[in-house]
Amino acid sequence: MGVLVNMNKTKIDMRDIICFEDGLPGLWGLKRFVIMEPEKELPFKYLQSVDDESIALVVSDPYLYMKDYAFEVSEETLSELGAGGPQDIVVLVVIVVPSDISRMTANFAAPILINVNNRKAKQIILEGSKYRMRQPIYETFKELVGRISREAV
Amino acid sequence: MLVLTRKKGEAIFIGKDIRITVFETDNDKVKIGIEAPKSVSVLRAELMEETISVNLESAQRHTGVLEKLAQMEGGIEKEDK
């Protein structure tokens, strides 16, 4: 039995180091990251490697793009993260911004889970889910940026 | 790489607690059963490979993201007018 994760109920503190004990797929050797905000207010963040400063993934809160995003997390994963339940977890998705930004995508099939209490993190791959590894998000992104710039005025 | 030939119904062990059984074969398809401890993640290889590709692309292409977005915001202003 797993636990349904369907909201980011907690906020994450930006200053602390996040630890991926197993590493991130493709970047296995890199285990320590921090979350950084871009200079401008934009609907994404950077997951910046502490060990290799040239490596930063673009990530975002998935619920900005997909309000009903939900998936099950196994008890094994929760205990690996030392999490008591979904209330301890913040979810991020990895975003790819290609040179043609209208083709930007988010990976909803492999969310990153972070336990906000102890900073342990893991990227899990959802086997057999309806979500896509490359879900186009440009239209929503454009709306979000528009909303942010209107609020700033 | 170790390559083994197995018949339908036969199995192999990996270590002491992972057992892989061949259930069915049909031309180019093989149905396999996997018994493993819950702590062992079992994934179709293409899912892991695609996750790796997406992570690497996300990490490599962020340089210039802000410049690209600056262009985009110009585009939005034009649309508003």
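Remember, predicted model here, so these are calculated numbers, not experimental data. Just so it is clear: chains get the letters A, B, ... in the order the sequence lines come, proteins before strands, and each one is counted from 1.
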**OP:** Decide side chain to side chain contact (heavy atoms under 4.5 Å, CB included) for A:L113 and A:L92; before the verdict, give the C-alpha distance in whole Å, the side-chain angles of both, and the deciding distance to 0.1 Å.
**Re:** CA-CA 7 Å; A:L113 312 182; A:L92 297 174; over 6 Å; no

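For the ring pair (Phe, Tyr, Trp, His ring centres under 6.0 Å) test, residues two or more places apart in sequence or in another chain that qualify with A:F20 are A:F33. With sequence neighbours excluded, the residues forming a side chain to side chain contact (heavy atoms under 4.5 Å, CB included) with A:E139 are A:K142, listed by chain and number. In this structure A:S129 satisfies the side chain to side chain donor-acceptor pair (under 3.5 Å) test with no other residue, sequence neighbours excluded.
Under 4.0 Å is where a charged nitrogen must lie from a carboxylate oxygen, and between A:K31 and A:E21 no such pair does. Salt bridge B:E24/B:K8: absent, no basic N to carboxylate O contact under 4.0 Å.
At a 4.5 Å heavy-atom cutoff, the contact between A:I125 and chain B is made by backbone and side-chain atoms alike. Contact annotation for A:Q123: only side-chain heavy atoms (C-beta onward) come within less than 4.5 Å of a heavy atom of chain B.
With chain B as partner, the option from A:P25, A:S102, A:S79, A:A110 having the largest number of non-hydrogen pairs under 4.5 angstrom is A:P25.
Residues of residues 48-55 of chain B that come within less than 4.5 angstrom of chain A, heavy atom to heavy atom, are B:M48, B:E50, B:T51, B:I52, B:S53, B:V54, B:N55 in numerical order.
The shortest side-chain heavy-atom distance between A:F141 and A:M104 falls under the 4.5 Å cut-off.
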